[in-house]
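To start, the structure under review is shown below, and the notes come after it.
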Amino acid sequence: MRFLSFFSTLLIVLCCSLASLGQEPQPAPRTPPTGESPAKRASIGLVLEGGGALGLAHVGVLRWFEEHHIPVDYVAGTSMGGLVGGLYATGMSGEEINSFLKNVNWNRSLRNELPYQARSFRRKEDKRDYPNDLEFGLKRGINFPSGFNSGQQVGLILDRIALPYSNVRTFDDLPTPFRCVATDLVSGKAVVFHDGPLSEALRATMSLPAIFSPVRRDDHVYVDGGIINNLPVDVARAMGADIVIAVHLEVPPLHPDEGLSVFSVLQRSVGVIISSNEYESMQKADVLVPVHTGKFSMIQYQAAQEIVQTGFAGAEERRRVLERFALNDADWKQYVEQRQARRRSLPIPSFVEVTGTERVIAQGIQRTLSDNIGKPIDFNRLDQDLTDITGLGRFSRAGFQLTRKDGKDGLLIRTDEKDYAPPTVNPLFVIDGSDYTDVRFSLGARLTFHDVGGFGSEVRNDFIIGSTYGAASEYYHPLNWFSHFFAAPRLFASSKPLDLYFNDNRVATFRQHDAGGGLDLGVAFNRFSELRFGYQTGHLSLTRSIGTPTLINNVSGRQGFSRLRYIIDHTDDATLPRQGYLLQSRLEFYDSNPSATDHFPLAELRAGIFHRILKTNSIFMIASGGSTMGYRNTGIPMFGLGGPQRLAAYGTNELLSNQYFLFQPGYIRRLKELAPLLGENVYLITNYEIGKAYGALNSTNSRLPNDFNAAVLVQSFIGPVVFGGSVGDRGHHRFYFQLGRYF
């Protein structure tokens with residue numbers, strides 16, 4: 001990314017304006033007369049510079065060139081200029097490029113976002129329990145990812161572009177000869193890609209340092225080429241161009257009184273370095289086409305079409321100079337036909353080959369992708385299949401290209417395992433302001449080891465300290481890699497606060513201590529659902545910290561129960577679903593519980609439906625209920641209502657009972673989409689809650705407690721941040737804030 005200082009920008013614009021007005025291209029171009037071969041004319045090289053979203057203006061420039069019959073014999077670019085140039089080099093017209101890029105979800109591609117639906121069931125659990133975008137590994141000590149974004153989504157876009165040309169000998173064999181520039185961090189020099197996998201070259205030139213993970217090839221590490229050569233005029237000249245036309249993207253200057261952060265100072269400083277190499281390149285160009293993109297930011301992808309039009313207008317401003325290179329109708333037709341004749345069609349793959357991972361995983365992926373054999377390539381299905389593969393949590397990315405073996409064409413699937421893991425660490429930050437007069441903080445982490453004691457097994461360890469503290473560990477072991485059955489023994493110990501309320505006033509706070517273990521046998525049907533049956537035993541105690549023993553006394557003793565649990569999750573997000581459905585159910589039989597006088601059963605069900613009604617709006621209904629089937633002597637009550645998402649106007653667990661129901665219809669509206677590095681979206685959530693706690697300890701509550709609830713939720717990179725308030729019956733009202741999961 002580049003940012004120009006105020007004085008640097010002013011100097012460049014003045015110099016370039018004078019240069020472009022005074023310069024005449026050398027050697028002088030000429031339009032060949034009718035019947036003369038276009039091969040005898042001066043060859044033209046087009047240079048497209050990097051600039052993030054501003055680079056979409058190059059599409060408008062190309063559209064203007066085609067409308068005015070300006071041929072392009074060579075194209076060179078850096079970063080986004082490399083992407084647009086690469087698209088053009090594969091034979092696409094300016095209009096085809098524009099249509100292709102319209103379908104790209106840029107914000108999803110630029111943020112580290114793996115679709116929730118594509119995650120395996122256990123990775124869905126990770127995302128629900130640890131709802132942030134942070135992850136690091138302990139493969140060689142503490143090791144962080146080499147970029148905020150692995151490049152998976154962008155990589156799939158580039159693979160699609162490059163697929164027909166997977167086996168070209170050099171980039172000179174493309175419909176339009178092409179070069180792109182990257183920076184080699186090992187040598188510290190610019191590298192010009194002229195052969196090799198085209199998709200890899202495009203990934204390298206677009207790998208913004210610290211944003212995208214770099215591209216590693218042999219002993220080289222490649223990042224964005226804009227650091228050294230953002231406007232590669234010299235590259236186009238070296239390709240053989242007689243005339244070099246360079247497109248320069250203007251950026252807004254820095255105002256002296258503008259507020260600066262540490263990050264903006266760093267960005268501006270890097271921008272000054274980049275602008276210096278741009279200035280040298282602009283002096284070397286025969287024709288400079290400045291595009292007035294200064295009113296846009298480099299991440300403003302939502303303004304894509306307006307930026308494209310700005311590029312078209314920039315070329316129009318240089319009409320007088322550019323039209324000197326125009327071909328007549330006959331020669332233009334011949335030029336287009338020759339270019340189209342060099343385009344390649346896609347073969348039908350006869351096999352699938354997988355590289356970059358262990359043989360047993362490769363075989364599993366080959367079986368998964370076998371539906372792509374013997375039929376035309378369906379890019380949407382292939383993208384979904386590869387996204388699902390990354391949803392296993394083992395790979396940073398998975399891509400595709402064509403390969404040829406024994407005279408047959410096939411798909412080569414390239415997988416890149418995470419270079420920083422396993423084990424993986426998912427950190428957790430919790431701020432609980434459900435009672436803003438007593439805000440609680442906790443820090444935690446999930447540490448996951450893979451393939452312990454067998455392929456596909458994993459040890460998942462949870463740690464938390466703060467207002468809540470504890471540790472838990474589960475060993476998940478598939479009974480057979482090719483089956484869905486598993487065994488899962490576990491151990492746990494925790495201590496957390498438990499508040500008791502009477503008439504909306506907190507009257508006591510207890511510490512709830514749990515320690516024990518269990519064993520589950522189950523079946524993971526698919527990445528959406530799981531069934532478990534097992535037994536858990538341990539020691540449970542409630543010890544009063546403050547307050548009077550109005551509702552519950554100190555209790556302590558053994559707790560043991562058998563459990564059948566079934567979960568299905570077809571929602572589209574871990575923290576705030578906007579489409580889909582979920583079902584969480586458990587059936588338990590307690591043979592022991594502190595202060596209980598008998599054995600008793602327990603059943604609980606929670607179901608939710610989320611439906612998108614507009615692009616920015618959704619409605620939902622959540623219903624939940626639980627019962628001990630009429631058994632009352634359970635010791636402590638088994639269910640509690642009250643607190644955010646459980647009758648928010650009431651205090652947390654204000655309504656303790658052995659039987660309840662709760663209905664929560666609501667509405668979600670997206671207010672704003674955040675910049676990719678900051679998070680995802682800002683939402684307004686409103687809902688009505690009505691429930692019943694039968695035989696609640698607080699007998700003065702209304703027959704049907706209910707409230708209206710409204711909250712603003714920010715999906716930040718450290719987790720969902722919630723600010724809300726609720727007004728209920730009988731004078732109940734509450735303001736709350738949280739950092740943590742909402743639904």
Side-chain angles (χ1 to χ4, degrees), residues 23 25-30 32 37-50 55 58 61-62 65-66 70-92 94 97 161-162 165 168-184 189-202 204-206 222 224-226 228-248 277-278 280-289 322 324-325 327 335-336 338-344:
Q23 274 186 321
Q26 297 293 331
R30 61 188 180 89
S37 171
K40 296 181 181 180
R41 61 176 171 79
S43 61
I44 296 174
L46 180 64
V47 180
L48 308 177
E49 77 171 345
H58 297 314
V61 173
L62 288 170
F65 272 38
E66 290 177 338
I70 311 297
V72 175
D73 303 292
Y74 307 97
V75 61
T78 299
S79 196
M80 182 59 78
L83 172 61
V84 175
L87 285 165
Y88 186 79
T90 62
M92 297 175 70
I97 296 173
I161 296 168
Y165 305 96
V168 293
R169 184 176 56 85
T170 76
F171 295 165
D172 289 335
D173 295 335
L174 295 170
T176 298
F178 171 69
R179 301 288 188 272
C180 63
V181 180
T183 301
D184 182 6
K189 299 179 180 179
V191 175
V192 179
F193 284 88
H194 56 83
D195 60 11
L198 176 60
S199 60
E200 188 175 86
L202 295 176
T205 192
M206 291 186 64
Y222 299 115
D224 194 300
I228 297 180
N229 193 356
N230 202 43
L231 188 66
V233 170
D234 56 332
V235 174
R237 188 80 70 191
M239 294 174 72
D242 298 318
I243 305 297
V244 176
I245 302 174
V247 181
H248 172 59
N277 73 60
E278 286 178 338
E280 293 179 6
S281 295
M282 286 189 284
Q283 290 181 310
K284 297 175 182 177
D286 296 307
V287 176
L288 189 70
V289 179
L322 293 175
R324 300 178 182 180
F325 307 105
L327 299 180
Y335 164 80
V336 172
Q338 290 176 346
R339 187 165 177 266
Q340 291 301 308
R342 291 165 61 91
R343 296 186 73 167
R344 295 189 178 187

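Any value given below was found using the heavy atoms of this structure, including those in side chains, with hydrogens, waters and symmetry copies removed. Numbers here are sequence positions counted from 1.
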query = Ser79 pairs by side chain to side chain contact (heavy atoms under 4.5 Å, CB included) with which of Val84, Val181, Asp224?
reply = Asp224

ask   = Considering residues at least two apart in sequence or located in another chain, which fulfil the side-chain hydrogen bond (donor to acceptor under 3.5 Å, both in side chains) criterion with Asp234?
value = Asn229

task = Could you give me the CA-CA distance, side-chain angles and deciding distance for Leu202 and Phe178, then say whether side-chain contact (heavy atoms from CB on, under 4.5 Å) is met?
result = CA-CA 11 Å; Leu202 295 176; Phe178 171 69; 3.8 Å; yes

query = Is Asp73 reaching over with its side chain to a backbone N or O of Ser43, donor-acceptor style, under 3.5 angstrom?
reply = no

ask   = Do Thr90 and Tyr165 have side-chain heavy atoms sitting under 4.5 Å apart?
value = yes

ask   = Between CG of Leu288 and CD of Gln283, what distance do you get to the nearest 0.5 Å?
value = 11.0 Å

message = Tell me whether Arg339 forms a cation-pi arrangement with Tyr88, defined as NZ or CZ under 6.0 Å from the six-membered ring centre and within 45 degrees of its axis.
response = yes

inquiry  = Testing the basics here: between Gly94 and Leu62, what is the closest heavy-atom pair and its distance to 0.1 Å?
reply    = CA-CB, 4.4 Å

ask   = Nearest 0.5 Å, what's the CD1-OG1 distance between Ile228 and Thr183?
value = 4.0 Å

note = On a heavy-atom basis, the closest approach of Leu48 and Pro232 is O-CD, 4.4 Å

request  = Could you label the plane-to-plane angle of the Tyr222 and Phe193 rings as parallel, tilted or perpendicular, counting under 30° as parallel and over 60° as perpendicular?
outcome  = perpendicular

remark   = Here the pair of heavy atoms bringing Glu49 nearest to Val247 is CG-O, 3.6 Å

task = Carefully, step by step, assess Asp172 and Arg179 under the rule salt bridge (Lys or Arg N to Asp or Glu O under 4.0 Å).
result = CA-CA 9 Å; Asp172 289 335; Arg179 301 288 188 272; 3.0 Å; yes

ask   = What pair of heavy atoms forms the shortest contact from Val75 to Ala89, and how long is it?
value = CG1-CB, 4.0 Å

note = Tightest non-hydrogen contact, residues Ala246 and Val233, listed as CB-CG2, 4.0 Å

query = Are side-chain heavy atoms of Leu322 and Val289 found at a separation under 4.5 Å?
reply = yes

message = Tell me if a side-chain donor or acceptor on Tyr335 pairs with a main-chain N or O of Val72 at a distance below 3.5 Å.
response = yes

ask   = For the side chain to side chain contact (heavy atoms under 4.5 Å, CB included) test, which of Ile243, Ile70, Ile245 pairs with Leu46?
value = Ile245

query = Would a 4.5 Å heavy-atom cut-off, applied to side chains only, mark Pro175 and Gln340 as touching?
reply = no

Gap between atom OG1 of Thr176 and atom CZ of Arg342 - 0.5 Å precision = 7.5 Å

query = Asp195 versus Arg169: any side-chain heavy-atom pair under 4.5 Å?
reply = no

CZ-NE2 distance between Phe65 and His58, expressed to the nearest 0.5 angstrom = 11.5 Å

task = Answer whether the closest heavy-atom distance between the side chains of Arg237 and Asp286 falls below 4.5 Å.
result = yes

request  = Could you tell me whether the side chain of Arg343 and the main chain of Gly91 form a donor-acceptor pair under 3.5 Å?
outcome  = yes

From Met206 atom CE to Thr78 atom OG1, the distance as rounded to the nearest 0.5 Å = 11.5 Å

query = Nearest 0.5 Å, what's the CZ-CG distance between Arg344 and Asp173?
reply = 6.5 Å

ask   = Which pair of non-hydrogen atoms, one from Ala201 and one from Cys180, has the smallest distance, and what is that distance?
value = O-SG, 3.6 Å

